[in-house]
Amino acid sequence: MTDIREYFILPADELSERIRRAKKEKNTVLLVHNYQRLEIQALADFLGDSLGLAREATRTDAEKIVFCGVDFMAETAKILNPEKKVFLPDRRANCPMAAMIDASALKEAKKKYPDATVVTYVNSTAEVKALSDICCTSSNAVMVVRSLGDRQILFTPDRNLALYCQEQTGADVIPWEGHCYVHDNFTVDDVINGKKEHPGALLIAHPECRMEVLNKADLVASTSGMVNYVRDHQDEIREHGVIIGTEIGLVEQIDQDNPDVPVFPLASTAVCATMKLTTLAKVAWCIENETNEIILDDEIRKQAYNAVKRMLEIG
Ligand code: 13P
Ligand code: SF4
């Protein structure tokens, strides 16, 4: 295997070219999340949110997937594709929210709420998914909760998404006390200041934000929901612009793709540090050397598959 330090000294255009070539030669697709660096987004075979990426992982004919995102996303691709090799360019690229619940804590909670249906956000480990009845993502969480009728729901691990689903559906939701540090940090003051600085601008917020922020948003959407909304409503938002309440990588993408629309971040400090661990050098090293493969215990994978599959059948 080539030493990764040999890649760190190469210029960006050479790294991009090598990644393009390796994708073809090695029958590999690059699935890229919306928060990735723009130079990584530019190489994507598919760019999207967690749900779109999970669906795309089931559609691709390629033998291998290099996942540019965080660990739970690559694991979800592996859960859905046991026969494919899935790689994560930097194994430290994790989602801190996923670490806010583990299998033993969930087993205890299930004993406490034996009648509850466990709905688990995909931002979770394979072990936690395996103990859950159904998964959801930011774009289908409300639909998933609604599909469960009047059953009591133990919603893990994102407290804010749980409360948003409760508010939208009126369901009996018990929220787990987890959160995303990037979205939980947005405040009502950020909203007040943003609206003062950009009068008339539309505020779109991600459902991982706190309820007090979501209550002030004009629209709540997943990352791809935001991309699609801005693309499809140019005429309405061209004059006053749009304030984006999520991670900065998506703000940069929307700004780049909509040159006629003024695009503002709700907070320019909203950076997901682990999303930014993926660099061109690490992707080139990973794809050329087929390193950092995701390996899951087969029993856990099969149980987690049931929860992910059930989600994909709903929406
Ligand atoms: P999306 O599924 O909306 O892209 O969200 C993933 C995520 O991690 C948000 O912080
Ligand atoms: Fe996890 Fe938050 Fe980063 Fe999304 S933005 S991957 S929820 S830490």
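All ligand and atom numbering here is 1-based and tracks the order in the structure. No experiment lies behind these values; they were computed from the predicted model shown.
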Sub-4.5 Å side-chain heavy-atom contact between Val86 and Glu293: no

Closer than 4.0 Å to some heavy atom of Ser222 - which atoms of ligand 1 meet that? 3 (O)

Under a 4.0 angstrom heavy-atom cut-off, which atoms of ligand 2 come close to Tyr181? 8 (S)

Do the charged groups of Lys78 and Glu75 touch, with an N to O distance under 4.0 Å? no

Can you list the steps and then say if Asn292 with Asp90 is a side chain to side chain donor-acceptor pair (under 3.5 Å)? CA-CA 7 Å; Asn292 283 0; Asp90 189 325; 5.8 Å; no

Out of all atoms in ligand 1, which are within 4.0 Å of some heavy atom of Asn123? Include the element for each. 7 (C), 8 (O)

Number the atoms of ligand 1 from 1 as they appear, then name those within less than 4.0 Å of a heavy atom of Glu208, with their elements. 7 (C), 8 (O), 9 (C), 10 (O)

Supply the atom-to-atom distance Leu31 CG to Gln36 CD, rounded to the nearest 0.5 angstrom. 11.0 Å

Give the atom numbers and elements of ligand 2 that come within less than 4.0 Å of a heavy atom of Asn123. 7 (S)

Do Val119 and Leu51 belong to the same hydrophobic cluster, where Ile, Leu, Val, Met, Phe, Trp and Tyr are linked whenever their side-chain heavy atoms lie under 4.5 Å apart, directly or via other members? yes

Interfacing atoms of ligand 1 (cut-off 4.0 Å, heavy-atom, His206): 1 (P), 3 (O), 5 (O), 9 (C)

Over 60° means perpendicular and under 30° means parallel, so tell me whether Tyr35 and His33 are parallel, tilted or perpendicular. perpendicular

How about Ile237 and Val230: do any of their side-chain heavy atoms sit closer than 4.5 Å? yes

Taking 4.0 angstrom as the limit and counting only heavy atoms of His183, give me the atoms of ligand 1 inside it, by number and element. 10 (O)

Show which atoms of ligand 2 fall inside a sub-4.0 Å distance from at least one heavy-atom site of Tyr35. 4 (Fe), 5 (S)

A student comparing Ser138, Ala54, Ala98 should find that the heavy atom closest to atom 3 (O) of ligand 1 comes from Ser138

Take a 6.0 Å sphere around OH of Tyr305 and say whether it holds more than 12 heavy atoms from other residues, nucleotides or ligands. no

Under 4.5 Å between any side-chain heavy atoms of Thr279 and Tyr7, yes or no? no

Which atoms of ligand 2 sit under 4.0 Å from any heavy atom of Glu208? 2 (Fe), 7 (S)

Does any part of the side chain of His179, heavy atoms only, come nearer than 4.5 Å to the side chain of Met97, both counted from C-beta? no

What I want to know is whether Ser50 and ligand 1 share at least one N or O pair that is separated by under 3.5 angstrom. yes

Could you confirm whether Cys180 has any N/O/S atom lying under 2.8 Å from atom 2 (Fe) of ligand 2? yes

One should read off an interatomic distance between Asn289 CG and Met1 CE, to the nearest 0.5 angstrom, of 6.0 Å

Heavy-atom contact under 4.0 Å between Glu247 and ligand 1? no

So the atoms of ligand 1 within less than 4.0 Å of a heavy atom of His33 turn out to be 1 (P), 4 (O), 6 (C)

Nearest protein heavy atom with distance in Å, relative to atom 1 (Fe) of ligand 2: Cys95 SG, 2.4 Å

Heavy-atom pairs closer than 4.0 Å: do any link ligand 1 to the side chain of Asp49, the backbone, both, or neither? both

What protein heavy atom lies closest to atom 8 (S) of ligand 2? Include the residue and the distance to one decimal. Pro96 CD, 3.5 Å

Note the single closest protein heavy atom to atom 3 (Fe) of ligand 2, along with its residue, its atom name and the distance in Å. Cys272 SG, 2.4 Å

